[in-house]
> 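Right, I'll just put the structure down here and ask away after.
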Amino acid sequence: MLQPVQQQPGAPGQVNWMPAPQVPVGCPPGLEYLTAVDQLLIQQQVELLEAFTGFETNNKYKICNAMGQQVYFAAEDTDCCTRQCCGPARPFEMRVFDNLQREVIHLSRPLNCQCCCCPCCLQEIEIQSPPGTVIGYVEQKWTLWKAKLEVQDAQRQPIMVVNGPCCPCSCGSDVEFPLNSLDGSNQIGMISKQWSGFAREFFTDAENFGVRFPLDLDVKYKAILMGATFLIDFMFFEHSNN
């Protein structure tokens with residue numbers, strides 16, 4: 001089971017960054033860090049203004065490897081009006097930086113329907129690396145009861161599926177989203193929303209996630225799974241603090 005790193009999230013340059021590995025041939029700039037990891041820990045920063053007032057702020061995330069070394073830093077980029085009016089359903093741009101503060105991954109979520117009763121215009125997110133070059137998508141599929149997300153490549157060809165639980169609520173335990181092959185016969189990995197303690201869960205919407213995948217998985221697919229994790233956060237665990 002992936003465990004949260006005890007080190008508090010911080011801005012780039014203030015933490016122990018993961019050393020950059022050698023860049024493989026054909027690897028998008030910045031994704032070489034993913035060649036050496038088989039799991040990621042994604043920790044959302046606690047925003048005091050949001051916790052005490054309910055005023056929605058831009059989300060920020062620290063992304064670490066299993067040893068606690070920071071791999072990336074992610075920051076949401078939306079305007080104030082969109083955050084307050086649309087809440088968790090808001091469209092957003094997410095910028096992911098490496099230890100040189102280069103934007104190496106760009107995530108884009110359009111404004112789509114959040115209602116499971118409507119089978120059209122469901123949730124999706126686009127993943128670019130480097131920014132401006134699409135490497136994949138994550139698209140919600142309509143189901144009657146369990147959440148299902150389809151992971152797609154740049155040509156929108158399905159790669160794998162993320163299956164959610166019947167009730168994605170967390171009360172003292174992790175919430176798991178298995179990564180399965182398209183036919184469901186093999187489990188490839190896991191996205192898990194980790195229980196962070198009663199105080200943090202009740203008073204904030206800052207979440208911890210673990211992502212586990214095969215070490216030899218294509219780095220582009222690993223980046224797409226990062227995008228799937230952010231989409232899961234906004235779909236199921238982001239809430240307004242009143």
Side-chain angles (χ1 to χ4, degrees), residues 9-13 15 17-18 28-31 33-34 37 40-47 49-50 55-65 70-112 114 122-140 149-154 162 177 191 193 204-211 213 219-240:
V15 292
W17 285 90
M18 175 183 173
L31 295 195
Y33 295 92
L34 298 179
V37 298
L40 292 170
L41 300 161
I42 300 176
Q43 301 174 319
Q44 184 178 349
Q45 284 189 297
V46 175
E47 300 289 345
L49 175 65
E50 184 174 324
F55 185 86
E56 192 71 41
T57 59
N58 277 318
N59 288 358
K60 299 180 180 67
Y61 303 84
K62 181 171 128 178
I63 304 169
C64 299
N65 61 19
Q70 186 161 336
V71 184
Y72 299 115
F73 182 83
E76 177 189 357
D77 184 12
T78 55
D79 61 79
C80 178
C81 181
T82 299
R83 293 195 304 273
Q84 309 317 312
C85 295
C86 299
R90 63 185 180 268
F92 65 74
E93 305 296 318
M94 188 83 69
R95 303 170 68 193
V96 182
F97 303 91
D98 66 2
N99 64 347
L100 300 177
Q101 300 189 34
R102 300 177 301 173
E103 183 181 0
V104 296
I105 303 172
H106 189 95
L107 310 173
S108 181
R109 178 202 191 192
L111 180 62
N112 281 343
Q114 279 273 77
L122 296 177
Q123 295 299 302
E124 68 174 0
I125 192 168
E126 179 186 86
I127 300 90
Q128 304 172 12
S129 183
T133 302
V134 177
I135 61 171
Y137 303 86
V138 180
E139 183 179 273
Q140 180 186 12
L149 301 175
E150 186 177 80
V151 179
Q152 304 169 346
D153 63 17
V162 181
F177 295 79
I191 297 174
K193 186 269 178 188
T204 78
D205 59 0
E207 313 293 352
N208 290 330
F209 289 88
V211 190
F213 36 65
V219 291
K220 293 180 181 179
Y221 296 168
K222 293 180 181 181
I224 297 170
L225 293 177
M226 285 175 51
T229 305
F230 290 119
L231 184 59
I232 287 172
D233 182 24
F234 276 83
M235 286 178 62
F236 302 111
F237 303 108
E238 183 83 1
H239 58 82
S240 298

> Go through the steps to decide whether Lys193 and Thr229 satisfy the test side chain to side chain contact (heavy atoms under 4.5 Å, CB included), and finish with yes or no.
CA-CA 9 Å; Lys193 186 269 178 188; Thr229 305; over 6 Å; no

> What is the distance from atom NZ of Lys60 to atom CD of Gln43, rounded to the nearest 0.5 Å?
15.5 Å

> Does Lys222 have more than 12 heavy atoms from other residues, nucleotides or ligands lying within 6.0 Å of its NZ?
yes

> With a 4.5 Å heavy-atom cut-off, do Leu34 and Leu40 have their side chains touching?
yes

> Looking at every heavy atom in both Val71 and Cys64, which two are closest together, and how far apart are they?
CG2-C, 3.9 Å

> Search all heavy atoms of Ala75 against all heavy atoms of Met94 and return the closest pair with its distance.
C-SD, 3.5 Å

> Would you say that Val151 contacts Leu225 through its side chain, given a criterion of any heavy-atom pair below 4.5 Å between the two side chains?
yes

> Just wondering, do Ile125 and Ile127 contact through their side chains at under 4.5 Å, heavy atoms?
yes

> Ala223 and Ile105: which non-hydrogen atoms are nearest, and at how many Å?
CB-CD1, 4.1 Å

> Start with the C-alpha gap between Phe209 and Phe230, add the side-chain angles, then the distance that decides, and say whether ring-ring contact (aromatic ring centres under 6.0 Å, His included) holds.
CA-CA 9 Å; Phe209 289 88; Phe230 290 119; 8.3 Å; no

> Mind checking whether Arg109 and Pro91 have side chains closer than 4.5 Å, heavy atoms only?
no

> Begin with the C-alpha distance, continue with both residues' side-chain angles, and end with the deciding distance and a verdict on side chain to side chain contact (heavy atoms under 4.5 Å, CB included) for Phe234 and Gln123.
CA-CA 10 Å; Phe234 276 83; Gln123 295 299 302; over 6 Å; no

> At what distance, to the nearest 0.5 angstrom, does CD1 of Ile135 lie from CG of Leu31?
6.0 Å

> Enter the distance from Leu122:CG to Gln140:CD here, rounded to the nearest 0.5 Å.
4.5 Å

> Assess whether a salt bridge exists between Glu238 and Arg83, defined as any Lys/Arg side-chain N lying under 4.0 Å from an Asp/Glu carboxylate O.
no

> Using side chain to side chain contact (heavy atoms under 4.5 Å, CB included), reason through Glu76 and Thr57 one step at a time and then give a plain yes or no.
CA-CA 9 Å; Glu76 177 189 357; Thr57 59; over 6 Å; no

> In this structure, is the centre-to-centre distance between the rings of Tyr61 and Tyr72 below 6.0 Å?
no

> Would you please test Thr78 and Asn59 for side chain to side chain contact (heavy atoms under 4.5 Å, CB included) and show each step?
CA-CA 9 Å; Thr78 55; Asn59 288 358; over 6 Å; no

> Testing Gln128, Arg102, Met226 for side chain to side chain contact (heavy atoms under 4.5 Å, CB included) with Val96, which one passes?
Met226

> Is there side-chain contact between Glu124 and Pro110, with at least one heavy-atom pair below 4.5 Å?
yes

> For Ile224 and Tyr137, work out which heavy atoms get closest and say how close.
CG2-O, 3.9 Å

> If the condition is salt bridge (charged side-chain N to carboxylate O under 4.0 Å, His left out), which residues does Glu126 pass it with, not counting sequence neighbours?
none

> CG/Asp79 to CD/Glu93 distance, rounded to the nearest 0.5 angstrom?
11.0 Å

> Does the side chain of Phe73 come within less than 4.5 Å of Trp17's, by heavy atoms?
yes

> Counting C-beta onward and ignoring hydrogens, is there a side-chain heavy-atom pair between Met18 and Val37 closer than 4.5 Å?
yes

> Please report the shortest heavy-atom distance between Ser129 and Pro29, naming the atom on each side.
OG-O, 4.5 Å

> Within the 4.5 Å heavy-atom criterion, are Phe213 and Val211 side-chain neighbours or not?
yes

> For the residue pair Ala228 and Ile191, what are the closest heavy atoms and their distance?
CB-CD1, 4.2 Å

> Report yes or no: do Asn208 and Gln44 form a side-chain donor-acceptor pair below 3.5 Å?
no

